[in-house]
Amino acid sequence: MPELPEVETIARGLRASLPGRRILNVRLGKTDFIEDPAAIERDVPGMRLSAIRRHGKFLLLDLQSPAGSTGNSSLLIHLGMTGRLVVCDPNAPVPPHTHVFFTLDDGRELRYTDVRRFGRMRILKTDVLQDRLGSLGLDPLEISETDFISLLKARHAQIKALLLDQHVLRGIGNIYADESLWRARIHPRRLGASLKPEELRRLYRAVRDVLHEAIEARGSSIADYVDSEGNLGGFQRRHRVYQREGKKCFRCGAPIRRAIVAGRSSHFCPRCQRAPRSRPTNR
DNA sequence: CTTACGGCCTGGGTGC
DNA sequence: TGCACCCAGGCCGTAA
């Protein structure tokens, strides 16, 4: 499941080989996950890739028109759960569920594969890009501790929901929310406003450490994730709670539990991460 | 504005 | 062997 570390790994991989390349041709398979497929077929061929960026879980491929004829634009890609963006030889076998092919001017091909098609793709003019991405929260790797704390302590939602909310912080998904809360020893059902300053500082630290370590390990490969060269990540081997239900807590040995919190499957240690006394299921 | 929740996208895996 | 169904995670719409 591509979250911040996986998208960052892909972005770095693409950044190493795509900028400067021209896209010669576009081929589309199924297009129901593309906002305006005709626009991509019409506007992308001939464009030069100028930069690769990550914004939360979004990947941005900046496109420069050759003669400056039309304005610049960006290809906005969200990988959803199972999206893969891989650069390869055009003669390499085409995996099932591959729906977008970009032919590059160096003889390679950029392919988008997505079993579930929960991903999204669209092309946007540079000037409207800001409107589209501006509503997202700060990047958890860029936010200061002070801002992080003031952001969360004013909120009465469950901390798990807040970490998953892309308008609060951008880039954290279910895996890294659970791993961060375990490290910080905070129960996912705690409310943001109930967290003590020390707990908020621990959480800030935990989120950043987990994300940095996951990037270093090139992401978590649970089911479908691979980087831009098709290689698996390694951070799944360092997960402490995610998908470890019933296994022993690495810290205290108690069996890891799984429960639905904020509508999501959540993994935590019932001993290290103390549940709040009254649950907020009032009505 | 904030929060909670249900539904939707799709197909692999599971269990009968 | 076949089939129904559960479920993954992000996101959006709705309601209070």
Side-chain angles (χ1 to χ4, degrees), chain A residues 1-8 10 29-35 37 54-60 76-85 95-100 112-122 124 131-137 139-140 150-181 188-195 210-211 214 219-226 233 235-236 239 241-246 258-268 276 278-283:
Chain A
M1 285 123 256
E3 305 179 24
L4 187 154
E6 290 76 31
V7 181
E8 178 64 25
I10 292 168
K30 289 188 179 177
T31 59
D32 55 1
F33 63 97
I34 302 176
E35 173 73 15
R54 176 187 65 77
H55 195 87
K57 299 175 195 171
F58 286 93
L59 215 42
L60 285 92
L76 189 60
I77 300 171
H78 194 296
L79 299 169
M81 281 176 66
T82 55
R84 297 177 167 197
L85 203 54
H97 310 290
T98 301
H99 299 298
V100 183
Y112 181 75
T113 304
D114 192 347
V115 174
R116 295 283 192 270
R117 302 206 302 286
F118 286 9
R120 290 291 176 262
M121 187 180 297
R122 68 185 306 179
L124 283 177
D131 309 337
R132 187 67 191 170
L133 297 174
S135 68
L136 294 181
D139 192 295
S150 54
L151 200 58
L152 297 179
K153 76 174 183 193
R155 299 293 218 105
H156 286 262
Q158 295 175 334
I159 188 63
K160 173 77 185 258
L162 293 170
L163 289 178
L164 291 178
D165 188 341
Q166 303 299 298
H167 300 286
V168 176
L169 292 167
R170 63 172 118 108
I172 301 172
N174 207 32
I175 296 175
Y176 298 104
D178 283 2
E179 292 296 321
S180 300
L181 289 169
R189 267 199 260 265
R190 295 279 302 281
L191 304 187
S194 80
L195 297 174
V210 165
L211 294 177
S220 301
S221 290
I222 297 296
D224 296 82
Y225 165 73
V226 293
F235 197 69
Q236 66 282 0
H239 289 174
V241 282
Y242 188 77
Q243 289 195 344
R244 292 194 67 249
E245 182 181 15
R258 187 174 73 91
I260 303 300
V261 181
R264 291 291 158 235
S265 178
S266 301
H267 311 75
F268 58 92
S278 64
R279 71 198 118 125
T281 47
N282 52 334
R283 46 160 320 220

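Lettering of chains follows the sequences in order, A, B, ..., and the numbering in each one begins at 1.
Under 4.0 Å is where a charged nitrogen must lie from a carboxylate oxygen, and between Asp139(A) and Arg54(A) at least one such pair does.
Distance CZ (Arg117(A)) to P (dC8(B)): 17 Å, rounded to an integer number of Å. As a whole-Å value, the separation of Glu35(A) CD from dC9(B) P is 16 Å. Taking atom CD1 of Ile260(A) as the reference point, atom P of dA4(B) lies 16 Å away to the nearest angstrom.
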Checklist entry - For every nucleotide of nucleotides 9-16 of chain C, 5' to 3': is a protein heavy atom under 4.0 Å from its base (B), only from its sugar-phosphate (S), or from neither (-)? => result BBB-----

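For the side-chain contact (heavy atoms from CB on, under 4.5 Å) test with Leu79(A), the passing option among Phe118(A), Tyr112(A), Phe58(A) is Tyr112(A); the others fail.
Within 4.0 Å (heavy atoms only), Asp114(A) reaches no atom of the nucleic acid at all. Looking at heavy-atom distances under 4.0 Å, Arg258(A) makes contact with sugar-phosphate atoms alone, never a base.
Judged as a side-chain hydrogen bond (donor to acceptor under 3.5 Å, both in side chains), and not counting sequence neighbours, the contacts of Ser265(A) are Arg258(A). With sequence neighbours left out, His239(A) forms a ring pair (Phe, Tyr, Trp, His ring centres under 6.0 Å) with Phe235(A), Tyr242(A).
Heavy-atom nearest nucleotides on DNA chain B were determined for Lys30(A) and for Leu162(A), and the one closer to the 5' end corresponds to Leu162(A).
By the 4.5 Å heavy-atom criterion applied to side chains, Lys160(A) and Asn174(A) are counted as neighbours.
Between the side chain of Gln243(A) and the main chain of Val241(A), no donor-acceptor pair closer than 3.5 Å is present.
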